[in-house]
Amino acid sequence: MESKLTPEAALASLGWQIELGATEAVGDAPVDRYTLPEKAPKPAAKPAHAPPLAAPAKAPPADPVAAAEAAAGAAPTLEALRSALDVYPHCDLRRGARNLVFCDGDPGARLMIIGEAPGRDEDLQGKPFVGRAGQLLDRMFDAIGLARTGQTPEAALYITNILPWRPPQNRDPEPAEIAMMRPFMARHVQLADPELIVLMGNISCEAGLGRRGVTRLRGQWTEAYGRPALPMLHPAYLLRNPAAKRDSWADLLALKARLSTSSRR
Ligand code: URA
């Protein structure tokens, strides 16, 4: 279909759609949904003399958290845990996501970073922290000698997120979504068995500590999933607030010091 819009009008229309929240093109050709035929035919009217239908047997309501605990607890390995998440049916975020984002780096690393949720780049690539915030994260940890490609457990990083699916429009996850992912994270930590954890950002603090307020929590060692854990400012926050980088530098140095003094292995 040839467009009758001028380039200026097309640009203005695009800007308007972005303001309404459109973030991605889902098809090459426009669809005029006003001209589409109605999809579902109306059900035939019930004859007046028809016998009453028996009520369908109701399945008991599923408890998403109990289902997550059972599925996660039954996973003997990280690969099995990934597969359990892949078939977990209770989190609607999976429907809008392109990929399950499970982990990156070395599962044998001494340090595990737990982020929040995949964004657009992570959803496309199926790996955590690969967009702008992820590049900053790599530079931050590189400065203390740690990398996802590190060749030894001492030099390596293991990275995951509370949510393995991208929320629509990168919205904050809802408490129910965090609650149903928490058993998977607890099992993920058990299986990866890191010595120390970084809780990266508010959502990670909410899932691991039951509270938000990372600007107050950051830099103070605490415990999450049965391990020493350090809340840190999220690199996406640092991109918006560069002055806060000095706090993160102090946290990175504290992390480095703790890694050099503690030696569980
Ligand atoms: N932010 C996160 O918390 N995790 C990602 O994977 C990307 C951005």
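Counting starts at 1 for both ligands and their atoms, in listed order.
Evaluation of the side chain to side chain contact (heavy atoms under 4.5 Å, CB included) rule for Arg240 yields Ala236, Tyr237 as partners, not counting sequence neighbours.
Glu154 places no side-chain N or O within donor-acceptor distance of the main-chain N or O of Arg110, the cut-off being under 3.5 Å. Checked by atom type and distance alone, the side chain of Asn161 pairs as donor or acceptor with a backbone atom of Glu116 at under 3.5 Å.
Contact between Asn170 and Gly119 at its shortest, heavy atoms only, is OD1-CA, 3.8 Å.
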Exercise for review: Starting from the C-alpha separation in whole Å, work towards a yes-or-no answer on salt bridge (charged side-chain N to carboxylate O under 4.0 Å, His left out) for Asp138 and Arg148.
Suggested key: CA-CA 8 Å; Asp138 284 343; Arg148 19 185 144 196; 3.0 Å; yes

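In this structure, ligand 1 sits under 4.0 Å from heavy atoms belonging to Gly115, Glu116, Ala117, Glu122, Pro128, Phe129, Asn161, His234.
No close placement of the His188 and Tyr225 rings is indicated, their centers lying 6.0 Å or farther apart.
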